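What follows is a short report on a single structure.
Below, each value reflects all heavy atoms present in this structure, side chains not excepted, and no hydrogens, waters or symmetry copies. All values derive from a computational prediction rather than experimental measurement.
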Amino acid sequence: QAEDGIRDVERSRGLGDVYKRQKHNDGEPISHNKRRVFRTILASKFGFHSNAPSMPCVPVSTQECHREKHGTCGAAPCPALGTRLLDRGEWRHDPRAVEAVKKEGKALVDAGVWNQTTVTERADLVAQAKSSGRSIHMGNLMSICSIKFAEMEAKDHVHKGRIVFRGDDVRTETGAYAIFQELSSCPTNVSDANANVAYGSIAGNSTSQADAVKAYVQSKLKSLCPTWVAIPRELWHPSWEARGFVRPMCRLERALYGHPEAGGHWEAHLTEAILKMGGEKIPNHLSSFWFPQQKLFLTIYVDDLLLPGPTSEHTAFWERLGKVVEIEPPTNLDRFIGRGHVVRDATPKGRTVMFDMCEFAQSAVDQYKEITGQTSLKSASTPFCPDGSLTVDGDVEKGELAGVACSVLMKQLWLARLARPDLQKPIGDLASRVTTWSRNCDKKLHRLVCYLNSSKRDRLMGKVYDPPEQLQL
């Protein structure tokens, strides 16, 4: 019946003559295969799907309900400090926000991030680049403003401005997307940070830390092509409007946040300064340096610097580094890569350090409660389900938390890597099932969170009481 229908369509539209007139390049009549192609197209176009390949269609499944991302865990409200990000239309009508953005822009100009003396109209800049044959990169600055302590009264609000480079839309003078250098930063890892803390626990040693101030913009932007940025109107120089500028562009001189190469340039700048101070790279340990004369061990995570070694050498080191890199006043070991450190039992033979992530553990439990709607969890002495609690059918049925398992596990994995190695095995087992998540996985995750909730005050403790001559790093 379908075949007859196709023939009717062919006759009604005079396609029989088309088949006869259709020729190959060599002049032969249309082949049988090409005739089959024509007939397949007709079948699919005019509804004879039994003669044309098509994907099967099934009703949309309604088994999985939409998950509300902003639920409540049922816990009592507690005091907190909040920062609210303002959209552009909102902060442009807030005088305090505009002032905060201008203040940040002035600080960047004073630091030489972009050169206002190079201001050029965009159209003229493009014409100059095309006539000279030298390629350029053109991007945009983005102004951001947020309110710190937003939960308090308006008189207590603190407006904070930020200026970043929009790395998602950088073009050349021809309008093509810009291509950047193969640069990347290599911050330290958890193992090196732990070795750093251990070295600072040896008798006679201590650990101090400091943050680099506006780290990226301390380094020059050494791109292969000159980079120009469009200046937002709120950051214009007062004379530009009178000079008739419509879209003024300035040369970007420093590695502003958001530029794809900024991290690489900052790391190269800091590494060069450290090597000039006598530091030596430690092979196979990223962003880690050894100072043989002072016996100091420096570990860097982007703009966080961690320094263990003889206590008497710390002050002189930070003073020397502060002359070439702008840093905040150094402090004793406290918080590094999101992990708190509590020094206990310091004696002439060594000291004990506890890795404190109790608040992070509580936030991981709260996240699970918010997603599942549970308000209480049972006590659990281990992170593993008891024997006999998992069924064979439970490995076949899809779990209810399949869509959010990655989010929950990744948060817990960070906790496990930094301070809770007892969680690594159960988290690793569940992470291998994120694409085949089952009802049994739901039960295993629930048990894991029950254990985490029962042990959230547990802290990893390390101590070093051995003489330095018996240790090897």
Within the side chain of [X], is there an N or O that forms a donor-acceptor pair under 3.5 Å with the backbone of [Y]?
{"X": "His314", "Y": "Ser206", "value": "yes"}
{"X": "Glu104", "Y": "Lys160", "value": "no"}
{"X": "Ser407", "Y": "Val404", "value": "no"}
{"X": "Glu121", "Y": "Val246", "value": "yes"}
{"X": "Asp211", "Y": "Glu328", "value": "no"}
{"X": "Arg433", "Y": "Thr436", "value": "yes"}
{"X": "Arg251", "Y": "Val229", "value": "no"}
{"X": "Arg351", "Y": "Arg344", "value": "no"}
{"X": "Gln374", "Y": "Lys369", "value": "no"}
{"X": "Thr172", "Y": "Ala178", "value": "no"}

NZ/NE/NH1/NH2 to OD/OE distance under 4.0 Å, [X] and [Y]:
{"X": "Arg166", "Y": "Asp168", "answer": "yes"}
{"X": "Glu241", "Y": "Arg233", "answer": "yes"}
{"X": "Lys276", "Y": "Glu272", "answer": "yes"}

Checklist entry - Can Asn115 and Thr117 be said to form a side chain to side chain donor-acceptor pair (under 3.5 Å), step by step? => result CA-CA 6 Å; Asn115 189 349; Thr117 63; 2.5 Å; yes
Checklist entry - Does Phe289 have its ring centroid less than 6.0 Å away from the ring centroid of Phe297? => result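 Judged by ring-centre distance (under 6.0 Å), Phe289 and Phe297 do not meet the cut-off.
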Item to check | Closest contact, heavy atoms only, Ala100 versus Cys145 | outcome: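 Answer, listing the atom of Ala100 first, then Cys145: CB-SG, 4.5 Å.
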Item to check | Heavy-atom closest contact (Ala262 atom, Ala255 atom, distance) | outcome: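 Looking at all heavy atoms of both residues, the shortest contact is CA-CB, 3.7 Å.
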Checklist entry - Under the ring pair (Phe, Tyr, Trp, His ring centres under 6.0 Å) criterion, do Phe291 and Phe317 qualify, and how do the steps go? => result CA-CA 10 Å; Phe291 292 81; Phe317 174 86; 5.2 Å; yes
Item to check | Straight-line distance of Leu307 CG to Thr299 OG1, nearest 0.5 Å | outcome: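 Separation between the atoms: 9.0 Å.
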Next on the checklist: As a quick check of understanding, evaluate side-chain contact (heavy atoms from CB on, under 4.5 Å) for Leu452 and Leu415, giving each step before the final call.
Outcome noted: CA-CA 10 Å; Leu452 178 58; Leu415 171 64; 3.8 Å; yes
Around atom [atom1] of [X], are there more than 12 heavy atoms of other residues, nucleotides or ligands at under 6.0 Å?
{"X": "Arg417", "atom1": "CZ", "value": "no"}
{"X": "Ile179", "atom1": "CD1", "value": "no"}
{"X": "Lys463", "atom1": "NZ", "value": "no"}

Item to check | Test side chain to side chain donor-acceptor pair (under 3.5 Å) applied to Ser223 and Gln181, step by step | outcome: CA-CA 7 Å; Ser223 297; Gln181 302 178 76; 4.7 Å; no
Next on the checklist: side chain to side chain donor-acceptor pair (under 3.5 Å) for Gln128 and Asp124? Distances and angles first, verdict last.
Outcome noted: CA-CA 6 Å; Gln128 293 173 11; Asp124 298 335; 5.8 Å; no
Next on the checklist: Whether Arg254 engages the ring of Tyr216 as a cation-pi pair (distance to the six-membered ring centre under 6.0 angstrom, angle to the ring normal within 45°) should be assessed.
Outcome noted: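 Geometry flag: not set, cation outside 6.0 Å or 45°.
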Checklist entry - Does NZ or CZ of Lys456 come closer than 6.0 Å to the centre of the six-membered ring of Phe360, within 45° of the ring's axis? => result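 Geometry flag: not set, cation outside 6.0 Å or 45°.
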Checklist entry - Given the rule in the ring pair (Phe, Tyr, Trp, His ring centres under 6.0 Å) test, do His341 and Phe355 qualify, once you have shown the distances and angles that lead to the verdict? => result CA-CA 5 Å; His341 300 82; Phe355 296 160; 5.4 Å; yes
Checklist entry - Stepwise, does the side chain to side chain donor-acceptor pair (under 3.5 Å) test hold for Gln209 with Thr331? => result CA-CA 6 Å; Gln209 62 184 94; Thr331 62; 4.9 Å; no
Item to check | Parallel, tilted or perpendicular: ring planes of His259 versus Phe165, cut at 30 and 60 degrees | outcome: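 It falls in the tilted class, 30° to 60°.
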Item to check | Donor on one side chain, acceptor on other, Asp442 and Trp437, under 3.5 Å | outcome: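 There is such a pair between these side chains.
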